[in-house]
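First comes the structure, then the notes that go with it.
Both counts, for ligands and for their atoms, begin at 1 and track the order of listing. Since we're looking at a predicted model, the values are computed, not measured.
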Amino acid sequence: MGIEYNEKSEIFHLKAKDTSYIMELFKSRYVASLYWGKKIRSSDVSRILQVKYRSFSPDTDPSDRTFSLDTLPQEYPAYGNSDFRSPAYQIQLNNGSTISNAIYKQHKIFQGKAKLEGLPSTYVEAEYEAQTLEIELFDELIRLSIILSYTVYENFDVITRSVRFINRGQENIKILRALSMNVDFKDDYFDFLQLSGAHTRERQVQRRSLVTGIHSIESRRGASSHQENPFIALLRKDSNEHQGEAYGFSFVYSGNFLAQVEVDQYRTSRVSVGINPFDFSWLLEPGQCFQTPEVVMVYSDCGLNKMSQTYHKLYRTRLCRGKYRDRIRPILINNWEATYFNFNSEILLNLAKEAKELGIELFVLDDGWFSQRNSDTCCLGDWFVNKAKIPEGLYGLSNRINNLGMEFGLWVEPEMVSPNSELYKNHPDWVIHVPNRPRSESRNQLILDLSRKEVCDMIIKVISDILASANISYVKWDMNRNMTEIGSASLPPERQRETAHRYMLGLYRILDKITSTFPDILFESCSGGGGRFDPGMLYYMPQVWTSDNTDAIARLGIQYGTSIVYPQITMGAHVSAVPNHQTQRITSLKIRGDVAMSANLGYEVDLTKLVEVEKKIIKQQVTIYKDMRELVQFGIFYRLLSPFEGNETAWMIVSENKAEFVVYYYRVLAEANAPFSSLRLKGLDPEIDYQLVQMDYNILSNGEIYGGDELMYAGINIPELQGDFQSVIWRFERPQSNSIIIDNPFRYLKINCPYIRYY
Ligand code: DGJ
């Protein structure tokens with residue numbers, strides 16, 4: 001690992017674990033992209049750059065007609081001075097002009113990684129873990145500095161990038177576009193991968209070929225969104241999950257974003273990611289600085305899966321923070337789908353008692369506990385407990401739950417306000433809105449204007465008071481609508497287009513304050529499920545409610561797509577009732593459990609209505625999950641079969657030391673006279689033997705021994721399954737001489753046993 005600069009050739013060589021990222025100071029002025037990929041030894045590679053006269057590409061330097069910025073691969077291209085491709089930034093001056101000409105001024109290299117002021121970002125725990133290069137570009141005319149920041153990690157094939165604008169001049173500068181990174185590849189032999197969807201259908205994997213023109217995804221919703229995740233990948237056309245090159249671009253931000261690839265006339269590919277320039281601008285007064293959020297770029301020479309594993313480990317260990325970062329997560333029961341708004345303390349207590357009986361550890365009280373909130377039509381903003389429902393208050397209720405031997409967690413939605421709330425009546429200007437325009441409601445709510453300091457301070461105070469008022473060990477932080485009529489009553493006209501980004505800065509300040517004041521609370525973020533499942537939120541809250549869709553079959557695609565970037569420990573996955581509340585599908589309790597048990601397990605079902613056999617199955621799931629959750633939550637994730645490509649899905653999780661692993665196989669529809677089917681496993685040690693210690697919920701005391709090589713190269717056979725919506729779990733360990741035999745009362749419940757299929 002390291003960053004080298006060769007003064008003679010003016011080449012920067014950034015060496016991550018097995019990756020090289022190389023740039024050249026072309027003509028000592030322009031920062032040119034030379035190479036990004038598998039590590040190469042030499043830094044003397046300026047021959048990679050091809051320079052040639054091209055018609056209709058302006059002569060940036062009239063004395064050299066072979067050179068045009070229009071054909072130079074660049075790291076941070078400007079608008080307006082001879083590059084016709086998409087710029088990384090654009091500014092506007094007082095005279096109305098919108099061109100700029102910032103060229104290389106100086107650079108510095110230092111050990112470690114600087115914090116991004118007010119923004120989430122990946123971090124280091126010790127300086128030796130990473131090195132940072134800062135290249136300063138300077139526009140002499142207006143004295144604007146643009147500092148490009150690159151960090152390489154010692155142990156990851158990662159380059160992080162961000163940009164800082166500093167106005168060192170005398171006049172105001174309006175930033176119209178300030179993306180966080182740009183890189184130009186010399187060819188277009190790529191597919192573009194995106195994670196797109198909708199509410200209850202998040203992060204569906206889509207892959208398409210690049211052709212000439214712009215391929216982009218974006219959010220204009222004031223949140224990273226259900227519709228597009230702030231992530232894209234470029235895959236070589238011959239790459240797949242486990243082979244070939246993959247390049248990932250993940251944006252550490254929770255608001256409006258743009259991620260695009262432009263293939264130009266010479267089939268080069270320009271990738272740029274950052275805050276969406278649509279409806280954005282930022283007024284930079286003399287002496288002020290604007291910091292863009294970070295993009296985490298990952299290179300893999302072994303397909304998409306290796307890229308995902310890099311993101312998983314980096315995000316789990318150097319993006320997520322706090323006490324829970326390295327701790328196993330509790331199994332929870334959430335009352336939302338069990339009761340919706342119809343509950344009181346006794347109903348909650350009964351649910352908690354059942355949960356406790358089944359071995360569940362944390363009781364989460366969801367929406368409806370405050371003011372008169374008995375539906376989604378009111379009361380957001382009036383955060384005082386509804387004594388008709390909970391006469392003993394939150395303190396009393398949390399004590400009663402604690403007395404059962406369970407932790408207590410609480411739902412809040414602090415960023416929102418209902419129009420009929422006291423808060424809104426007292427402060428109608430405290431919402432995002434445009435004067436004299438209607439204020440569009442969504443789920444009967446408006447959005448508090450977090451670009452205003454006093455609004456953020458109010459939220460910090462109100463939520464801190466609630467969290468201090470009872471024994472709360474978990475918080476679900478929800479956010480249930482997107483922005484419309486974006487504007488702030490507190491900003492002058494020339495700053496109105498700053499509102500959405502200022503909102504994010506306000507939100508991050510609130511989250512920073514609250515999560516650091518309550519370090520013992522486990523925070524889970526949520527936005528109608530996965531509407532803000534992004535690295536920005538993960539910096540403050542180490543888990544996310546993956547989707548409001550709890551249907552096991554729909555979850556296969558959602559969790560598979562989510563795993564492209566995010567580690568399984570971050571994904572909340574609950575077993576819920578059938579018919580499923582979102583899809584009306586009826587699936588077995590087994591497959592519902594098997595899907596949820598591959599992530600961060602919870603239950604969201606009225607446990608008081610279960611019949612005995614269901615309780616037994618859940619008890620068994622809970623026991624088994626507890627036994628293997630360290631492996632599930634911290635192990636290395638391998639995708640084996642994609643739900644986007646067929647009827648079967650499979651994935652597996654291997655412990656870091658390869659001593660144990662668990663395999664999950666799911667089949668959606670039954671097939672008559674089905675073909676033989678087997679699964680070739682990944683990531684094992686071919687030299688060691690593994691013993692099958694559990695199949696489905698049967699703990700095997702003397703299971704078969706398989707070679708790691710056999711399991712990877714020959715595979716494991718899928719047993720014959722009957723009926724729709726079937727699943728199998730296998731768990732293997734290195735054989736131990738003193739293996740413990742766990743008594744299993746459900747040995748008789750074979751996987752195809754018809755009567756469990758309907759629970
Ligand atoms: C949306 C969340 O995703 C649900 O889980 C639930 O908390 C509801 N909001 C409550 O209003």
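Residues Tyr508 and Tyr540 place their aromatic rings such that the two centres sit under 6.0 Å apart. Checked against the 6.0 Å centroid threshold, Phe341 and Trp336 count as a close aromatic pair.
Scored by the ring-ring contact (aromatic ring centres under 6.0 Å, His included) test, Phe533 finds Tyr566 as partners (sequence neighbours excluded). Residues passing the ring-ring contact (aromatic ring centres under 6.0 Å, His included) test with Phe637 are Trp651, sequence neighbours excluded.
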What are the atom names and distances for all N or O pairs under 3.5 Å between ligand 1 and the protein?
| from | atom 1 | to | atom 2 | distance (Å) |
| --- | --- | --- | --- | --- |
| ligand 1 | 3 (O) | Gly529 | N | 3.0 |
| ligand 1 | 3 (O) | Asp548 | OD1 | 2.3 |
| ligand 1 | 3 (O) | Asp548 | OD2 | 3.2 |
| ligand 1 | 5 (O) | Lys476 | NZ | 2.7 |
| ligand 1 | 5 (O) | Trp545 | NE1 | 3.4 |
| ligand 1 | 5 (O) | Asp548 | OD1 | 3.4 |
| ligand 1 | 7 (O) | Asp366 | OD1 | 2.6 |
| ligand 1 | 7 (O) | Asp366 | OD2 | 3.2 |
| ligand 1 | 7 (O) | Trp411 | NE1 | 3.1 |
| ligand 1 | 7 (O) | Lys476 | NZ | 2.9 |
| ligand 1 | 7 (O) | Asp478 | OD2 | 3.3 |
| ligand 1 | 9 (N) | Asp478 | OD2 | 2.7 |
| ligand 1 | 9 (N) | Asn480 | ND2 | 3.4 |
| ligand 1 | 11 (O) | Asp367 | OD2 | 2.6 |
| ligand 1 | 11 (O) | Arg443 | NH1 | 2.8 |
| ligand 1 | 11 (O) | Arg443 | NH2 | 3.0 |

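Using bins of under 30°, 30° to 60° and over 60° for the plane-to-plane angle, the ring pair Trp383/Trp411 lands in the tilted bin.
Pairs engaging residues 469-479 under the salt bridge (Lys or Arg N to Asp or Glu O under 4.0 Å) rule: Asp366-Lys476 [sequence neighbours left out].
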